[in-house]
Amino acid sequence: MTIAQVIVDVPSAGTDKVFDYAIPDKWANIIRPGLRVAVPFGPRAIQGFVVGLKSRTDIKNLKSIRRPLDLTPVLNEELLQLGQWIAEETLSYKISAFHAMLPAAMKAKYDKIIRRTGEAQLLLDELFEGKQEITWKEAEKRNLLPALHKEIENGNAEVIYRVKNRARKKLIRTVQVNAEQEKLEDLLETLPSHAVNQKRLVQYIMQHPFETMDASQLAKSASVPQETIKALIKKGIFKEHMLETYRDPYEHRSFERTAPLPLTADQQTAIEPIMQSISHHRHETFLLHGVTGSGKTEIYLQAIQEVLKKGREAVVLVPEIALTPQMVERFKGRFGSDVAVLHSRLSIGEQYDEWRKIQRKEVKVVVGARSAVFAPFENLGIIIIDEEHETSYKQEEAPRYHARNVAIKRGEYHHCPVILGSATPSLESFARAQKSVYHLLSLPKRMNNRGLPSVSIIDMREEMRNGNRSMFSIELFEKMKDRIEKGEQAVLFLNRRGHSTFIMCRDCGYVMQCPHCDISMTYHRSSNEMKCHYCGFQSGVPAVCPECDSSHIRYFGMGTQKVEEELAKLLPEARVIRMDVDTTTRKGSHERLLDQFQSGKADILLGTQMIAKGLDFPNITLVGVLSADTMLHLPDFRAAEKTFQLLTQVSGRAGRHELSGEVVVQTYTPGHYSIQLAAAQDYGRFYVQEMSMRKVGSYPPFYYLALITVTHEDLMKAVSVTEKISAFLQSNISDQAILLGPVASSIPKINDRYRYQCLIKYKREPNLFPALRKVLEHYNTQSSREGFSVTIDIEPNNMM
DNA sequence: AGCACGCCGACT
DNA sequence: GTCGGCGTGCTC
C-alpha cells in the first residue's frame with residue numbers, strides 16, 4: 001500500500017508537520033506529490049498538499065484521502081522544496097508558504113452542512129423545512145442548533161464537512177446547428193405565433209449560417225435573450241458545447257509590436273556578461289546599476305529574447321505600484337501573447353487563469369509583482385527584479401519572504417542568471433556587489449546623451465525668514481506658472497495624504513489622537529473627518545478643544561488634499577489631478593487618472609509614493625518635491641536611504657525625452673547628505689557615507705536583523721512576555737550578537753493592542769533560528785488563548 | 001485553527 | 001441533579 005504524506009491546511013505550530021494518509025486504490029495512479037487533496041482531519045474535512053509518498057507508517061488508525069482536488073500537481077518538485085525552504089527561512093508554517101506560492105483561488109473554502117438521515121419525522125420536517133439538508137450557518141441564524149444537536153445524537157441527522165474547490169474554470173457555451181434547412185423551415189411554420197424570439201432566431205441562423213458560435217454572442221447578434229437559445233437546444237436544433245476559456249484582463253487592448261532597439265555602447269557592455277551567463281547555463285546574480293532613463297528595460301527585453309531563443313522561460317518582477325499598463329505594454333509589445341501578467345489588482349479568477357497559462361506552458365514570460373517569483377515554470381532561463389531596492393518585494397505578512405532571496409534560490413536551481421536592476425540599489429545589494437557576491441554592471445549615462453535634470457534645493461527656513469509662509473517656495477511657484485504658460489506639465493510630490501497631519505489646540509497643546517492607536521489623527525477635508533491611517537478609525541472634527549473647550553484649534557502639517565486646495569487658490573488656471581490612496585481605490589481609477597494626465601487634460605499631477613515610479617511622459621519638465629524631510633525623520637535606520645532613493649526616483653520623472661527637466665526640492669534640512677547627494681545624483685558618494693553610518697550603528701549590511709514583536713491588549717502583559725523572550729534569547733546567542741530591548745514599538749499601540757519588541761543584530765548565529773522557533777512554538781500555542789501575538793520578522797523593512 | 005472532551009458554577 | 005461556561009490537548 002502507498003501512503004501519502006500530507007501538509008494540512010491548518011496554520012499552527014502543532015500541525016506544521018507531515019500527516020500520513022492511506023491512498024484509496026481508485027486514486028492510486030493520480031495521487032502524487034504537489035497535488036491538493038481533501039482529507040479527514042479530526043471531525044472535519046480539510047484541504048492538504050501531498051508532499052511525498054512512502055510505503056509504510058507507524059500510525060495506527062490511518063485514515064484515507066477523501067478525494068484529489070486536482071488532476072495534475074499544482075506544485076512541482078522544485079516548488080515543494082522551495083516552500084519548505086521559505087518556511088524555514090522566514091520562521092513560518094509550511095502551509096502558509098504553499099499558499100503564498102499559489103493563486104488565491106487554490107485556497108480552499110469549507111462549508112459545514114447538516115443532513116437528515118432518519119425516516120420522515122414531524123419534528124425533522126419542521127427543522128429542515130422539508131429539505132434533505134441545511135447549512136450550519138442557516139441553522140445557526142434560525143437558532144436551530146440545540147434542536148438539531150439532539151437529532152444528531154439520536155442518529156437522525158449528521159454533520160457533513162465539505163471542502164470546496166474555488167479554482168473554477170470559466171466556461172462559455174457554444175452552439176452548433178444540428179438541423180437541416182428543411183427542418184428549420186418546418187419549425188418556422190409550426191412554432192406558435194407568440195414565439196417571436198424563437199422565430200427571429202431561426203430566421204437569423206438561416207440567413208447567417210455558421211459552424212460553431214459563442215451562445216451569448218449569437219443571442220446578441222440575433223437580438224434575442226439567452227433563454228431563446230436554451231429553448232432551441234432543448235428542441236434539439238442546437239448542439240451545445242461548454243468550452244473552457246480564460247478571463248483576459250487585457251482583452252480589449254491591442255499592443256503594438258516593437259522590435260529590439262540598437263544598444264548603446266554602455267548597454268552593450270552591460271548585457272554581455274548576462275548573455276554569457278545565459279549561454280553557459282550558469283547561475284549568477286547581477287546588479288544592474290543604471291541611472292533613471294539609462295535604458296535598463298531594453299537590456300531586460302533583449303536578455304529575455306535570448307532566453308526565449310534557447311527555449312527557456314523568463315520572470316520579470318516589478319513593484320506593484322509600477323505595474324501600470326505602460327509597463328505591461330513594453331513586454332506585451334515585444335513578446336505578444338507569450339506574456340502573462342500577475343498582480344493583485346486582477347480578480348481572483350483572472351489571477352488563476354494567468355497562472356494556468358504559465359502552468360500549461362502557453363506563455364514564456366511572466367511580468368508581475370512579488371508573488372510572480374513563484375511562476376510555475378520548469379525551465380527558467382532568467383529572473384529579473386526591476387527597482388530591486390523597493391520595499392514591496394518583502395511580504396509584510398507571514399510568510400515574510402523577500403522575493404530577491406527567492407529569486408536567487410530559484411536561479412541556483414535552474415542554473416540561470418538573476419538580474420537586480422535599480423538606479424538606487426539597496427545598500428545590502430550594492431555591498432554584495434562590492435564584495436563580488438553579485439556581479440556589478442553599470443549604466444552611468446542617460447540614453448541619447450540626455451542630461452540628468454538640474455536640481456535646485458530650496459531652504460524653506462530661508463523662505464520663511466523672507467516672509468513666504470506658503471507651502472510653495474517662490475522658485476517652485478514661478479516655475480509652475482511658467483510651465484502652465486508653455487503648456488508643459490509638472491509633477492508635485494508629497495509623501496503624505498489627507499489634509500493636515502494633525503490638529504492641535506493652541507491654548508493647551510492638545511493633539512487629537514486615535515483612541516485605538518498611539519498616533520495622531522489626520523484631518524481629511526473632503527469628508528470633513530479625522531482619520532487614523534493605521535486602523536482606519538474615523539471621527540468628527542471637534543469644534544472646540546475636548547480638553548480645555550478653547551476654540552483655537554489649528555491645523556498643522558500638510559497633506560495632498562491641502563496642497564490641492566492651495567493650488568486652486570494660488571493658481572486657479574492650473575488643472576490638477578490628485579493621485580493618492582483616497583483617489584485610486586476604485587478599480588481602474590489609477591489607470592484612468594494617468595491616462596487623463598498623459599493626454600494633456602491636466603497641467604499638474606499631484607501625488608504620493610505611487611507617482612514616483614514608472615511614469616514616463618514626454619511633456620513633464622518640472623518635478624517639485626514639496627517636503628523632502630517627511631521621511632528623513634522617521635524612527636528608522638533606513639530613513640536616509642529611503643529619502644535618497646525617493647528623491648532620485650522622483651527627479652528621474654523629469655525631462656526623459658526631448659524637453660529638458662528641472663527639479664525643485666523643498667526642505668528644512670538642506671544640508672543633509674541624503675538630500676545633497678540625491679540632488680547631485682551621486683549614488684557612489686551616498687553609498688560610502690551611508691555605509692559609515694551603518695557601521696557605526698551596527699546596522700545592515702554589517703549585521704542581519706531579527707525583530708520580535710509582542711502585542712497584547714494589556715500593556716503589562718506585553719512587557720512581561722517580551723522580557724521573558726528577550727532573556728531566553730540572550731541566553732541562546734553568542735556574545736557576537738547584540739540584543740536590544742525590550743522597548744515599546746515606535747507606534748506603541750495599534751488597534752487597541754500594545755506593541756513591545758526586541759531586536760537582535762547578528763552575523764553568524766547558528767543557534768538563533770532554533771531558539772526563535774522555540775519562542776514561536778511556546779508562545780503561539782500556549783499563549784495564543786491568553787491573547788498574545790508574537791511575530792518574528794527576519795530582515796524587517798521597517799521597525800514599526 | 002476548530003473541535004471534543006472534561007471539569008466546575010448557576011439553574012430547572 | 002443537569003446545562004453550559006471555557007481551559008486543555010489532539011488532529012494521520
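Here is the naming used below: chain letters follow the sequence lines, and residue numbers restart at 1 for every chain.
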Legend entry - Gap between atoms CG and C1', on A:Asp16 and B:dA1 respectively (whole Å): 13 Å
Inset, instruction - Compare the minimum distances between each of C:dC12, B:dC3, B:dA1 and the side chain of A:Tyr21, then state the nucleotide with the smallest one. - result: C:dC12
Inset, instruction - Describe the nucleic acid contact of A:Asp9 in one word from base, sugar-phosphate, nothing, applying a heavy-atom distance below 4.0 Å. - result: nothing
Inset, instruction - Report yes if a side-chain nitrogen or oxygen of A:Lys17 is closer than 4.0 Å to either non-bridging phosphate oxygen (OP1 or OP2) of C:dT11; otherwise report no. - result: no
Legend entry - A:Arg44 side-chain N/O to B:dG2 phosphate OP1/OP2 under 4.0 Å: yes
Inset, instruction - Just call it for A:Ile59: base, sugar-phosphate, or nothing, with non-hydrogen atoms closer than 4.0 Å on any strand. - result: base
Legend entry - Sugar-phosphate, base or nothing in reach of A:Tyr161, heavy atoms under 4.0 Å: sugar-phosphate
Legend entry - Pairwise side-chain hydrogen bond (donor to acceptor under 3.5 Å, both in side chains) hits with a residue in residues 61-74 of chain A, at least two apart: A:Arg36-A:Asp70
Inset, instruction - Mind calculating the distance between OH (A:Tyr93) and P (B:dA1) to the nearest angstrom? - result: 7 Å
Legend entry - Pairing of A:Lys357 and A:Glu354 as salt bridge, 4.0 angstrom limit: yes
Legend entry - Aromatic ring proximity A:Tyr93/A:His99, centre distance under 6.0 Å: no
Inset, instruction - Would you kindly give the NZ-to-P distance between A:Lys107 and B:dA1, to the nearest whole Å? - result: 11 Å
Legend entry - Length of the line joining A:Ile7:CD1 and C:dT11:P, which is rounded to integer Å: 16 Å
Legend entry - Nucleotide of C:dC12, B:dA4, B:dA1 approaching A:Pro11 most closely (side-chain heavy atoms): B:dA1
Legend entry - pi-stack flag for A:Phe41 and C:dT11, centroid dist under 5.5 Å, interplanar under 30°: yes
Inset, instruction - Nearest whole angstrom, please: distance from the P of C:dT11 to the NZ of A:Lys60. - result: 8 Å
Inset, instruction - To the nearest Å, give me how far apart NE2 (A:His778) and P (C:dG9) are. - result: 12 Å
Inset, instruction - Look at atom NZ of A:Lys54 and say whether more than 12 heavy atoms of other residues, nucleotides or ligands are closer to it than 6.0 Å. - result: yes
Legend entry - Side-chain touch A:Phe41/A:Tyr161, heavy atoms, less than 4.5 angstrom: no
Inset, instruction - Using atom CD of A:Glu158 as one end and atom C1' of B:dC3 as the other, report the distance to the nearest whole Å. - result: 17 Å
Inset, instruction - Calculate the interatomic distance between A:Lys94 atom NZ and B:dA1 atom P; express it in whole Å. - result: 16 Å
